[in-house]
Amino acid sequence: QAQLVESGGGSVQAGGSLTLSCEISGLEYNRFCAAWFRQIPGKEREGVATIWFGGTDTTYADSVKGRFTISQDNRKNSVFLQMNSLKPEDTAMYYCAAVQTYGGSCLRMAFGYRHWGQGTQVTVSS
């Protein structure tokens, strides 16, 4: 069964950077979508970025485009989210998600992902 474990969250001042990591196990090698979502209490989870492990295609939410970069280490089955120029509005619980797929399109919608990590908190102060 798939298991996802996030790490790398913490507190940072506005303008700073953090890199989140997610170790994925239990999915077929290079045949799944991985994504980062974030959620503020009381609000819906927002899709931040996606990547297909069978290639290099990525997608980003408009709010993070140009500041965040999603990447993968296929050999280690890990996905990363490099976050630069952080803003207070980036404060949220960040979740790693994955779903087995044999295609190449990854959507930024929470209902499309079967497997989830427990989340890692990111707090950005002004």
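The structure presented is a predicted model; accordingly, all values stated were derived computationally and were not measured. Positions are given from 1 along the sequence.
In this structure, R38 fails the cation-pi test against Y95, since its NZ or CZ atom is not both closer than 6.0 Å to the six-membered ring centre and inside 45 degrees of the ring normal.
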Inset, instruction - Take K65 and D62 through the test salt bridge (Lys or Arg N to Asp or Glu O under 4.0 Å) and record every step on the way to the result. - result: CA-CA 5 Å; K65 192 173 298 182; D62 289 341; 3.5 Å; yes
Inset, instruction - Could you please spell out the steps behind the side-chain contact (heavy atoms from CB on, under 4.5 Å) verdict for L81 and V48? - result: CA-CA 9 Å; L81 185 67; V48 176; 4.2 Å; yes
Legend entry - Residues F68, W36; criterion ring pair (Phe, Tyr, Trp, His ring centres under 6.0 Å); working and verdict: CA-CA 11 Å; F68 291 9; W36 288 97; over 10 Å; no
Inset, instruction - Would you please test W116 and R45 for side-chain contact (heavy atoms from CB on, under 4.5 Å) and show each step? - result: CA-CA 12 Å; W116 293 84; R45 290 189 181 185; 3.0 Å; yes
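Side-chain contact check for M83 versus V122: some heavy-atom pair is nearer than 4.5 Å. Between L27 and H115, some side-chain heavy-atom pair lies under the 4.5 Å cut-off. F32 has its side chain out of reach of V99: every pair of non-hydrogen atoms, C-beta onward, lies at least 4.5 Å apart. In this structure, E46 and S63 have side chains that are in contact, with non-hydrogen atoms separated by less than 4.5 Å. For the pair C33 and I51, the minimum side-chain heavy-atom distance is 4.5 Å or more.
Remark: L20 CG to F80 CZ distance equals 11.0 Å, nearest 0.5 Å. The CG atom of L107 lies 4.0 Å from the CE atom of M109; values are rounded to the nearest 0.5 Å. Separation of atoms CD (Q3) and CD (Q118) is listed at 9.0 Å; rounding is to 0.5 Å. To the nearest 0.5 angstrom, L4 atom CG is 4.5 Å from I24 atom CD1. The distance from the OG atom of S85 to the CZ atom of R67 is 7.0 Å, given to the nearest 0.5 Å. Residue N30 holds its CG atom at 8.0 Å from CD of Q72, rounded to the nearest 0.5 Å.
Contact record, A49 with Y60: CB-CD2, 3.7 Å, taken as the closest heavy-atom pair. Across all their heavy atoms, E23 and S78 have their closest contact at CG-OG, 3.9 Å. The two residues L18 and G10 make their nearest non-hydrogen contact at CD1-O, 3.9 Å. Between I40 and A92 the shortest heavy-atom distance is CG1-CB, 4.2 Å. Shown here for P88 and A14, the closest heavy-atom pair between the two residues is CD-CB, 4.1 Å. Across all their heavy atoms, F37 and A110 have their closest contact at CE2-N, 3.5 Å.
In this structure a side-chain-to-backbone donor-acceptor pair under 3.5 Å is present from E6 to C96. Side-chain atoms of T123 do not come within 3.5 Å of backbone N or O of T91 as any donor-acceptor pair. Within the 3.5 Å criterion, the main-chain N or O of F53 finds a donor-acceptor partner in the side chain of N74. A side-chain donor-acceptor contact under 3.5 Å links Q100 to the backbone of R31.
T50 and R108 share no side-chain donor-acceptor pair at under 3.5 Å. For the residue pair Y94/Q121, the side-chain donor-acceptor check at 3.5 Å is not satisfied. Side chains of N84 and S17: a donor-acceptor N/O pair is present below 3.5 angstrom, by distance only.
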